[in-house]
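Notes for the one structure printed next.
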There are 2 protein chains.
Amino acid sequence: MPYPKDHAEKSRGKILASAYKFFVWKGFDATSIDEIMQDCQMTRGAFYWHFQSKTQLYREAIVHAALQSRLAGDKPQDVSEQAWLGELLDAYLDKDTSAKTEWPCPLAFFVSDVTHREPDVRHAYTKAFSAMNAHIHGHANRYAECREGTVLAVTAMLIGAVAITRTIDDDLLRGRLLDACRELAAGQLGLE
Amino acid sequence: MPYPKDHAEKSRGKILASAYKFFVWKGFDATSIDEIMQDCQMTRGAFYWHFQSKTQLYREAIVHAALQSRLAGDKPQDVSEQAWLGELLDAYLDKDTSAKTEWPCPLAFFVSDVTHREPDVRHAYTKAFSAMNAHIHGHANRYAECREGTVLAVTAMLIGAVAITRTIDDDLLRGRLLDACRELAAGQLGLE
DNA sequence: GTCTATAGAAAGATAGAC
DNA sequence: GTCTATCTTTCTATAGAC
């Protein structure tokens with residue numbers, strides 16, 4: 001047999017990861033299927049064997065990225081709930097790691113991009129947003145009373161902060177913004 | 001003379017307003033110069049007499065929209081600072097008015113769209129973001145001590161909330177999100 | 001599974017008439 | 001100032017070979 005049995009799965013993952021990289025870097029519209037496939041050392045023909053359309057790729061990439069979030073993963077046993085949530089918060093608002101991780105948060109990076117996409121893409125975004133809130137709420141509730149509204153407001157601030165950070169061109173302002181949001185978030189989540 | 005002397009200025013303003021409407025509705029990339037000009041009952045030729053490029057149009061539209069913000073305007077004399085800021089906050093987070101006003105906030109509507117644009121567009125965005133913070137800070141400082149960081153965090157939350165509201169497809173969740181952000185913002189700005 | 005070739009549509013920008 | 005005509009590029013998606 002010419003192809004190993006996990007070959008298709010590997011190629012698919014490669015396309016997904018490469019596509020996400022380009023979407024983060026250039027945005028959905030400015031990214032062409034050609035450049036994604038060139039990056040994967042394949043051609044357009046292979047793409048349409050794995051995916052039905054560019055939109056489907058986008059939706060799947062968003063879902064996949066949301067699942068890669070450390071927030072969706074397990075807390076190490078030797079770390080307290082508060083310390084863990086604090087660590088995730090710091091990582092989320094760190095302007096160096098946030099953009100350099102392989103799967104940056106799609107909620108922040110694509111927020112006003114997904115607005116204009118097909119309903120199923122927006123639905124995937126909505127699910128991911130709900131999941132982020134549920135995860136934070138789950139952690140926070142293990143050490144203190146925490147209302148859903150508090151989490152929603154904090155999440156909106158975090159997503160807004162990261163999205164704005166990527167957009168503005170003033171590095172000092174970026175730093176002050178992220179610091180301020182970290183402080184308010186920590187306060188609201190009882191991490192001080 | 002075939003054209004009244006303010007004709008050029010009127011046409012320009014018409015293009016700007018129409019373009020903004022399309023950018024809000026479909027996003028920058030999905031909006032073509034053709035459809036903007038059709039909406040203005042003119043053709044592409046006229047566009048390139050008024051503007052150098054689609055990017056320049058975008059930048060000017062963002063600057064213009066930021067100046068249209070009620071936050072940039074004057075407070076009515078018969079309203080207290082706190083009441084005024086509270087009113088602006090409510091309007092900003094009202095999901096009906098926020099999208100129906102003629103010049104919705106570019107900071108929220110285009111945040112992850114501007115990320116991938118030319119440096120001068122991002123610079124215009126940065127200026128507008130700073131201006132929004134300065135305006136809020138200015139108001140808040142007239143009735144209480146208010147740190148810059150507090151305003152930055154609140155602004156990020158407001159922008160995030162409006163951007164997310166536009167993107168998610170769950171109307172109940174939208175409502176809870178906006179309510180929660182309104183409450184936290186009011187608390188942070190001393191409006192209770 | 002992946003390739004090449006191509007159909008088919010659209011958009012940004014320019015040139016020159018009026 | 002605005003129009004029409006056109007150049008040029010780019011992109012999604014499909015068809016069929018291997």
Side-chain angles (χ1 to χ4, degrees), chain A residues 1-23 25-62 113-114 116-121, chain B residues 1-62 110 113-114 116-121:
Chain A
M1 59 178 92
Y3 293 106
K5 54 190 168 197
D6 63 342
H7 188 75
E9 205 50 44
K10 276 191 176 173
S11 288
R12 205 173 196 280
K14 209 165 150 188
I15 295 171
L16 221 43
S18 174
Y20 201 78
K21 195 176 64 184
F22 280 103
F23 291 155
W25 176 40
K26 308 177 67 176
F28 178 78
D29 284 304
T31 298
S32 71
I33 293 169
D34 261 347
E35 61 190 332
I36 294 169
M37 295 308 282
Q38 263 172 41
D39 188 55
C40 296
Q41 289 169 300
M42 288 183 273
T43 60
R44 231 186 352 281
F47 175 81
Y48 284 99
W49 190 88
H50 288 283
F51 298 92
Q52 216 181 356
S53 67
K54 195 184 170 190
T55 293
Q56 187 206 344
L57 169 69
Y58 196 44
R59 190 189 63 234
E60 288 203 28
I62 287 172
D113 207 303
V114 171
H116 310 290
R117 242 81 251 173
E118 281 75 5
D120 60 325
V121 178
Chain B
M1 59 178 88
Y3 293 107
K5 54 191 167 194
D6 63 344
H7 188 75
E9 204 51 44
K10 276 190 176 173
S11 290
R12 206 172 195 280
K14 208 165 150 189
I15 296 171
L16 221 43
S18 173
Y20 201 78
K21 194 176 62 181
F22 279 103
F23 291 155
V24 162
W25 176 41
K26 307 177 65 175
F28 178 78
D29 285 304
T31 298
S32 72
I33 294 169
D34 262 345
E35 63 190 331
I36 294 169
M37 296 309 282
Q38 264 173 41
D39 188 57
C40 296
Q41 290 168 297
M42 287 184 273
T43 59
R44 235 190 343 285
F47 175 81
Y48 284 99
W49 190 88
H50 289 284
F51 298 93
Q52 216 180 356
S53 67
K54 195 185 169 188
T55 293
Q56 187 206 343
L57 169 68
Y58 196 44
R59 188 189 64 236
E60 289 203 29
I62 288 171
F110 307 141
D113 208 302
V114 171
H116 311 290
R117 242 82 250 173
E118 281 75 5
D120 59 325
V121 178

Exercise for review: Return yes when atom NZ of A/K26 has more than 12 non-hydrogen atoms of other residues, nucleotides or ligands closer than 6.0 Å, and no otherwise.
Suggested key: yes
Point to revise | Salt bridge flag under 4.0 Å for residues B/D29 and B/K54 | key: no
Review point. When you measure from every atom of DNA chain C, which of residues 25-34 of chain B have a heavy atom less than 4.0 Å away?
Key: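 When residues 25-34 of chain B is checked for heavy atoms under 4.0 Å from DNA chain C, the hits, listed by number, are B/T31, B/S32, B/I33.
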For [X] and [N], give me the distance from atom [atom1] to atom [atom2], rounded to whole Å.
X     : N      : atom1 : atom2 : answer
A/Q56 : D/dA13 : CD    : C1'   : 14 Å
A/F51 : C/dG1  : CZ    : P     : 14 Å
A/K54 : C/dA10 : NZ    : C1'   : 14 Å
B/Y48 : C/dA13 : OH    : P     : 4 Å
B/H7  : D/dG1  : NE2   : C1'   : 6 Å
A/K5  : C/dG1  : NZ    : P     : 12 Å
B/I15 : D/dT2  : CD1   : C1'   : 10 Å
A/W49 : D/dA15 : CH2   : P     : 18 Å

Just list the side-chain donor-acceptor pairs under 3.5 Å for residues 40-48 of chain A, sequence neighbours left out, or say none.
{"unit_1": "A/R44", "atom_1": "NH1", "unit_2": "A/D34", "atom_2": "OD1", "d": "2.3"}
{"unit_1": "A/R44", "atom_1": "NH1", "unit_2": "A/D34", "atom_2": "OD2", "d": "2.9"}

Ignoring hydrogens, what is the shortest heavy-atom contact between [X] and [Y]? Give both atom names and the distance.
X      : Y     : value
A/I36  : A/S18 : O-OG, 3.5 Å
A/H116 : B/V24 : CE1-O, 3.3 Å
A/R117 : A/Y58 : CD-CE2, 3.7 Å
B/H50  : B/S11 : NE2-CB, 3.6 Å

**Study point:** Side-chain N,O (B/S11) to OP1/OP2 (D/dT2) below 4.0 Å
**Key:**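 Yes, such a contact exists.
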Check your understanding: Which letters describe nucleotides 3-9 of chain D, given B = protein heavy atom under 4.0 Å from base, S = only from sugar-phosphate, - = neither?
Key -> BBBB---
**Study point:** Backbone N/O of A/D6 and side chain of A/E9: donor-acceptor pair under 3.5 Å
**Key:**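 No; zero donor-acceptor contacts below 3.5 Å.
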Review point. Are the aromatic rings of B/Y20 and B/F110 close, with centres under 6.0 Å apart?
Key: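 Centroid separation for B/Y20 and B/F110: below 6.0 Å.
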